[in-house]
Amino acid sequence: MNNNNHIILKNQQFSGFDEKIEGIIFEIILKHIKDLIYVMKVEENKTFSYVFLNEEAKGHARLTNNSLGKTLHDVLPPETADHLHEQYISVLEKREPVSFQDIVILSDKRVVHGESILTPIFGENGNVLFIVSVTRDISARVADKEMITYMAYHDQLTGLPNRSSLKRDLDSAVEEAQMNSQNLALMFIDLDRFKFFNDTMGHVAGDHLLKEVGKRLSSISQQGYKVFRQGGDEFIVILPNTSREISQTFAQNVNKAFTNPFVLENKEFFISASIGISLYPEDGRDGNTLIKNADTALYRAKELGRSLYHFYSADLQKHSSHLMQLETGLRKAVEKNELEIYYQPQMDLGTNKVTSFEALLRWRHPVLGFVSPAEFIPVAEDTGLILSIGEWIIHKVCRNLKQWNESGYGPVSIGINLSPKQFQQPELVTIIEQNIKQNQIYPGCLEFELTEGAMQDPKRTMETLAKLKDIGVRISVDDFGTGYSSLSYIKKLPIDTLKIDQSFVKDVLHDEKDAAITTTIIHLAQSLGLSVIAEGVEEEQQVEFFKIMGCHKVQGYFFSKPLPENEMVEHYFKNK
Ligand code: C2E
Ligand code: MG
Ligand code: MG
């Protein structure tokens, strides 16, 4: 090699790829390679002294050209030297290459992860004469690996440990609880109406909210708990070494953490969370069971109202599997012809005639037998099945009306119950309109029953009701008096009928307050020009009471229970 960094081979060096050329090439490699390369001589007293350092190695720590001939302990800080000495000794003992990873401090004080391979070189007598050490900076690899591990175990959005993390940590938390005979609580936390928030505010706002929720859940004043994001708007907390009382306090604090509004784009939003809690060991001895049971408890908390916590109990299990059975059955009920419509007559107290009926759904479950609509309608609501079932009811009632018309019966009007979800369904008006047209029925024959709960949103309620009135159908408020509608609200809406809830009718003869409420509703209806029906009338004296008070119609067991269509036709049309 010459001084100008040019490598010039003399003629005689072209005789082949011999040791000389090899030497030159290795020199180049050693000079430019980024690995730290040292060659150590094994001294008689089993110390190791530097005999060669490549350029990169000279950068390391205190090593310079002056280090040549000196031992590890001469050059390096005692601890580092001790550590390396051990590794070199192990090469002597094993008589084969040894590799290890450690922290290496470079000349520029950068601390890097190094991976070293020490390879022995043997003399003719079989003794190790030299050891070649090659150290590679693997910091990038280590960092990548750490990043990948971090990402695998953390949720990107909230930075909280994720589901994989939960699996790992929960198993070890359960093991620890078992070893120390302690209780452990698992809390399943789910935001209330998050889907609605996300749909109306957009995903960016939704993401922002989830991040904030993560922060609030992470800063509850209690030590030693861990929060995980299970996915979506679901979070899980592991509370080790706890008791029912402590976890109850914790759950209350979680609920409290949601009392302050969340601020997004200068607007305030109130979001609440529901919590299901399971305890180790009584509610489950392994992670999966604890999660499953906390989920069941959460479901119950939601059912009871939102922003609540609920502990798991074995009864819940029965409750939820019953619900599951209803849900699965309900999905097939329509196609398996298990649903039927019954009609309950409404007696007109002015004419003593029956000209209207309420359509009430009946379900004959093949195993459970008769299931009350009070039980399955909420399931149908929750699962969205109410939309297809509701459509089926409208279709069926309209078909019946057409058949009765063709048979020369009637005229009658039929009340059809609309559940809140159905009422909010954008296609509702079109569906009703189409069925009316197809069956050529007079729109005034249909009266749709809505509860006050279905009319929460004034603007939308007004719009939908206006469209329904345009078609010409009638509207009644069902279970009137049990909701919270304001009187001015009732005045503004295009309503035809108020149905007095049966809870007021039941004791109307014995309870002065019930009597006062029903009388007030009747007067209200009269002054607003609305028709009024009392529901759940079971006794003759009740009929008398409503007649005297000027109530238009009564409906109840006193006159008739809801009847299957053929019986209703037989009794009210043919034998009229
Ligand atoms: P609702 O609309 O208030 O219906 C009146 C309920 O009172 C009916 O219960 C009826 O059978 C019952 N009833 C009638 N007369 C008497 C009586 O004299 N005494 C007593 N104790 N009860 C009486 P049902 O059929 O079990 O329905 C319960 C609820 O389920 C209904 O309350 C309604 O909210 C809902 N529902 C029923 N059918 C449908 C439907 O087709 N669609 C929707 N969305 N909901 C329905
Ligand atoms: Mg009704
Ligand atoms: Mg009712």
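One-based numbering, in listed order, for ligands and for the atoms of each. Atoms considered below: every heavy atom in the structure, side chains included; atoms not considered: hydrogens, waters and symmetry mates.
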Asks: Please report, to 10°, the angle around the Mg ion (ligand 2) from atom OD2 (Asp478) across to atom OE2 (Glu358).
Replies: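 Answer comes to 180°, rounded to 10°.
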
Asks: Does ligand 1 have any atom sitting under 4.0 Å from a heavy atom of Lys561?
Replies: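 False for this residue.
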
Asks: Would Trp404 and Glu565 count as a side chain to side chain donor-acceptor pair (under 3.5 Å) here? Give the steps.
Replies: CA-CA 11 Å; Trp404 299 331; Glu565 197 252 348; 2.8 Å; yes

Asks: Before accepting this row, confirm whether a basic side-chain N of the pair Glu212/Lys215 lies closer than 4.0 Å to the acidic partner's carboxylate O.
Replies: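 Here Glu212 pairs with Lys215 in a salt bridge, since their nearest N and O are under 4.0 Å apart.
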
Asks: Please indicate whether Gln440 has more than 12 foreign heavy atoms, meaning atoms of other residues, nucleotides or ligands, lying under 6.0 Å from its CD.
Replies: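 Check fails, neighbour count at 12 or below.
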
Asks: Centre of Tyr299's six-membered ring, under 6.0 Å away, within 45 degrees of the axis: is that where NZ or CZ of Lys302 sits?
Replies: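 Cation-pi check for Lys302 and Tyr299: fails.
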
Asks: Show me which atoms of ligand 1 lie under 4.0 Å from any heavy atom of Glu538.
Replies: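 So the answer, numbered in order with elements, is 17 (C), 18 (O), 19 (N), 20 (C), 21 (N).
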
Asks: I'd like the name of whichever of Lys506, Arg362, Gln502 reaches closest to atom 6 (C) of ligand 1 through any heavy atom.
Replies: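 Comparing heavy atoms across Lys506, Arg362, Gln502, the nearest one to atom 6 (C) of ligand 1 lies in Gln502.
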
Asks: Could you verify whether a donor N or O on one side chain and an acceptor N or O on the other, from Asp192 and Ser272, lie under 3.5 Å apart?
Replies: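 A donor-acceptor contact under 3.5 Å links the two side chains.
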
Asks: Which ligand 1 atoms are under 4.0 Å away from a heavy-atom of Gln422?
Replies: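 Result: 44 (N).
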
Asks: What do you reckon, does Lys499 put a non-hydrogen atom under 4.0 Å from ligand 1?
Replies: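 Flag not set, Lys499 not near ligand 1.
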
Asks: Taking the Mg ion (ligand 2) as the vertex, what is the angle from OE1 of Glu449 to OD1 of Asn417, given to 10 degrees?
Replies: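 That angle is 90°.
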
Asks: Hey, are Glu358 and Asn417 close enough side-chain-wise for a donor-acceptor pair under 3.5 Å?
Replies: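 Result is yes, a qualifying pair exists.
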
Asks: To check you understand the geometry: which heavy-atom pair defines the closest contact between Arg362 and Pro562, and what is its length?
Replies: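 Closest approach of Arg362 to Pro562, heavy atoms only: NH2-CG, 3.4 Å.
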
Asks: Can you tell which of Gln555, Glu535, Glu539 gets a heavy atom nearest to atom 5 (C) of ligand 1?
Replies: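 Closest candidate by heavy-atom distance is Glu535.
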
Asks: Return the minimal non-hydrogen interatomic distance between Ser247 and Leu279, and the atom names on each side.
Replies: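 The pair with the smallest heavy-atom distance is OG-CD2, 3.9 Å.
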
Asks: Does Asp479 approach ligand 1 within less than 4.0 angstrom via side chain, backbone, both or neither, non-hydrogen atoms only?
Replies: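 Asp479 to ligand 1: side-chain contact only, backbone stays beyond 4.0 Å.
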
Asks: Hey, are the side chains of Lys513 and Phe504 touching, using non-hydrogen atoms and a 4.5 Å cut-off?
Replies: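 When only atoms from C-beta onward are counted, Phe504 and Lys513 do not touch, as no gap falls below 4.5 Å.
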
Asks: Where the closest heavy atom to atom 17 (C) of ligand 1 is concerned, which of Phe559, Phe558, Tyr557, Tyr342 has it?
Replies: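 When every heavy atom of Phe559, Phe558, Tyr557, Tyr342 is considered, Tyr557 comes closest to atom 17 (C) of ligand 1.
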
Asks: Give a yes or no on whether Glu535 keeps an N, O or S atom under 2.8 Å from the Mg ion (ligand 2).
Replies: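 Here the distance criterion (N, O or S atom, under 2.8 Å) is not met by Glu535, so no.
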
Asks: For ligand 1, does Pro562 get within less than 4.0 Å through its side chain, its backbone, both, or neither, judged by non-hydrogen atoms?
Replies: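 For Pro562, the contact with ligand 1 is made by the side chain alone.
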
Asks: Kindly confirm whether the Mg ion (ligand 2) is within less than 2.8 Å of some N/O/S atom in Asp479?
Replies: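 Looking at Asp479, which is the residue asked about, there is no N, O or S atom under 2.8 Å from the Mg ion (ligand 2).
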
Asks: Taking 4.0 Å as the limit for heavy-atom contacts, which would you say applies to Asp478 with ligand 1: side chain only, backbone only, both, or neither?
Replies: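 The answer is the side chain of Asp478.
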
Asks: Verify whether one side chain among Thr497 and Glu447 offers a donor that lies under 3.5 Å from an acceptor in the other.
Replies: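 Short answer, yes.
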
Asks: Under 4.0 Å from a heavy atom of Ile393: give me the atoms of ligand 1 that qualify, with their elements.
Replies: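 Those atoms are 40 (C), 41 (O), 42 (N).
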
Asks: Tell me the contacting part of Leu360 for ligand 1: side chain, backbone, both, or neither, using a 4.0 Å heavy-atom threshold, strictly below.
Replies: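 Both backbone and side chain.
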
Asks: Heavy-atom contacts with Gln344 under 4.0 Å: which atoms of ligand 1 show up? List them by number with element.
Replies: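 Within the 4.0 Å cut-off of Gln344, ligand 1 contributes 14 (C), 15 (N).
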
Asks: Measure from atom 36 (N) of ligand 1 to every heavy atom in Gly536, Pro373, Ala374, Gly556 and give the option owning the shortest one.
Replies: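 Result: the heavy atom closest to atom 36 (N) of ligand 1 is in Pro373.
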
Asks: Would you find more than 12 non-hydrogen atoms of other residues, nucleotides or ligands less than 6.0 Å from Lys506 atom NZ?
Replies: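 Counting neighbours around NZ of Lys506, 12 or fewer heavy atoms of other residues, nucleotides or ligands fall under 6.0 Å, so no.
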
Asks: Ring centroid separation for Tyr572 and Phe357, is it under 6.0 angstrom?
Replies: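 Judged by ring-centre distance (under 6.0 Å), Tyr572 and Phe357 do meet the cut-off.
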
Asks: Select one of side chain, backbone, both or neither to describe which atoms of Ile377 lie under 4.0 Å from any atom of ligand 1, heavy atoms only.
Replies: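 Ile377 to ligand 1: side-chain contact only, backbone stays beyond 4.0 Å.
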
